[in-house]
Amino acid sequence: QVQLVESGGGLVQAGGSLRLSCAASGRPFTSYNMGWFRQAPGKEREFVAAINSLARSTSYTNSVKDRFTISRDNAKNTMYLQMNSLKPDDTAVYYCAAGSLTSDPRDYRYWGQGTQVTVSS
């Protein structure tokens with residue numbers, strides 16, 4: 001069992017930055033590939049980025065490439081999402097998830113409760 005807790009969301013103006021954190025507890029953190037997803041009101045949950053268990057491989061959805069950076073600190077059992085040049089379209093609840101490297105949320109076994117990110121224009 002893995003417990004995931006996100007933090008770092010908030011309200012930011014367009015062009016600003018936020019860093020999300022996902023703290024994990026339970027089974028060894030290095031056992032899991034992990035990812036970030038987001039869900040805007042009325043929309044399906046969308047893949048944002050993923051990182052493998054040893055942080056040697058990352059992937060991003062096209063809309064966030066060159067703006068967002070996924071990383072993890074296995075010594076701190078924490079994953080991060082650095083978000084720069086934020087746009088109003090980035091407004092969503094952001095979720096961290098563990099268990100896969102794919103873009104399909106059905107492949108991930110564990111989920112956090114989500115943190116709201118709101119980008120004003």
Side-chain angles (χ1 to χ4, degrees):
Q1 192 77 5
V2 175
Q3 293 78 42
L4 303 173
V5 179
E6 302 96 335
S7 61
L11 173 64
V12 64
Q13 288 188 331
S17 298
L18 283 174
R19 188 176 81 155
L20 305 183
S21 299
C22 174
S25 61
R27 295 186 64 181
F29 190 58
T30 52
S31 299
Y32 291 97
N33 299 320
M34 298 191 69
W36 287 99
F37 288 78
R38 64 187 180 186
Q39 188 165 20
K43 294 187 178 181
E44 293 186 352
R45 193 163 295 192
E46 174 191 27
F47 171 76
V48 176
I51 187 167
N52 78 336
S53 60
L54 298 180
R56 291 173 180 168
S57 176
T58 60
S59 62
Y60 299 89
T61 191
N62 285 339
S63 63
V64 308
K65 281 181 181 177
D66 300 324
R67 298 190 299 122
F68 291 10
T69 302
I70 188 172
S71 63
R72 63 192 293 167
D73 184 337
N74 287 342
K76 295 183 178 179
N77 291 348
T78 303
M79 178 178 67
Y80 304 97
L81 185 68
Q82 178 66 45
M83 305 186 294
N84 298 329
S85 302
L86 282 161
K87 305 175 181 179
D89 284 349
D90 295 318
T91 295
V93 177
Y94 283 70
Y95 298 90
C96 67
S100 182
L101 277 178
T102 76
S103 60
D104 188 339
R106 295 171 296 181
D107 293 334
Y108 289 75
R109 184 173 182 182
Y110 302 105
W111 291 85
Q113 82 290 349
T115 186
Q116 177 70 46
V117 171
T118 303
V119 184
S120 63
S121 56

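- Side-chain contact between Val117 and Met83: present, with at least one pair of heavy atoms (C-beta onward) separated by less than 4.5 Å.
- One distance of note links CG of Asp90 with OG of Ser85; it measures 9.5 Å at 0.5 Å rounding.
- When every heavy atom of Arg38 is checked against every heavy atom of Ser63, the shortest pair comes out as NH2-OG, 3.5 Å.
- Ser17 is listed as a side-chain neighbour of Asn84, based on a closest heavy-atom distance under 4.5 Å.
- Using a 4.5 Å heavy-atom cutoff, the side chains of Val2 and Arg109 are not in contact.
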Counting only pairs under 3.5 Å, give me each side-chain donor-acceptor contact of residues 5-15, with atom names and distances, residues two or more places apart or in other chains.
residue: Glu6; atom: OE1; partner: Gln113; partner atom: N; Å: 3.0
residue: Glu6; atom: OE1; partner: Gln113; partner atom: NE2; Å: 3.4
residue: Glu6; atom: OE1; partner: Gly114; partner atom: N; Å: 2.9
residue: Glu6; atom: OE2; partner: Cys96; partner atom: N; Å: 2.8
residue: Glu6; atom: OE2; partner: Gly114; partner atom: N; Å: 3.2

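- By the 4.5 Å heavy-atom criterion applied to side chains, Tyr110 and Gln1 are counted as neighbours.
- If you take CD1 on Ile51 and OG on Ser59, they are separated by 9.5 Å, rounding to the nearest 0.5 Å.
- Closest of all the heavy-atom pairs between Arg72 and Asn33 is NH1-CA, 4.1 Å.
- Checked options Ile70, Val64, Leu20; the residue passing with Val48 is Val64 (criterion: side-chain contact (heavy atoms from CB on, under 4.5 Å)).
- The shortest side-chain heavy-atom distance between Leu86 and Phe68 falls under the 4.5 Å cut-off.
- Judged purely by atom type and a 3.5 angstrom limit, Trp36 uses its side chain to pair as donor or acceptor with the backbone of Tyr80.
- Between Ala92 and Gln116 the shortest heavy-atom distance is O-NE2, 3.4 Å.
- Exactly one residue among Tyr108, Tyr94, Phe37 makes a ring pair (Phe, Tyr, Trp, His ring centres under 6.0 Å) with Phe47. That residue is Phe37.
- A donor-acceptor contact shorter than 3.5 Å links the side chain of Thr78 to the backbone of Lys76.
- Across every non-hydrogen atom of Phe29 and Asp73, the tightest pair is CE2-O, 4.1 Å.
- No single ILVMFWY cluster, assembled from side-chain heavy atoms under 4.5 Å apart, contains both Tyr95 and Met79.
- How far CG of Leu81 is from SG of Cys22: 10.5 Å, rounded to the nearest 0.5 Å.
- A donor-acceptor pair is defined here as one N or O able to donate and one able to accept, closer than 3.5 Å; such a pair exists between the side chain of Thr91 and the backbone of Val119.
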Could you check Arg106 against Asp104 for salt bridge (charged side-chain N to carboxylate O under 4.0 Å, His left out), going step by step and ending with a plain yes or no? CA-CA 5 Å; Arg106 295 171 296 181; Asp104 188 339; 2.8 Å; yes

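- Minimum interatomic distance between Asn74 and Leu54 (heavy atoms only, all atoms of both residues): ND2-CA, 4.1 Å.
- Both tests do not hold together for Arg27 against Tyr32: distance to the six-membered ring centre under 6.0 Å, angle to the ring axis within 45°.
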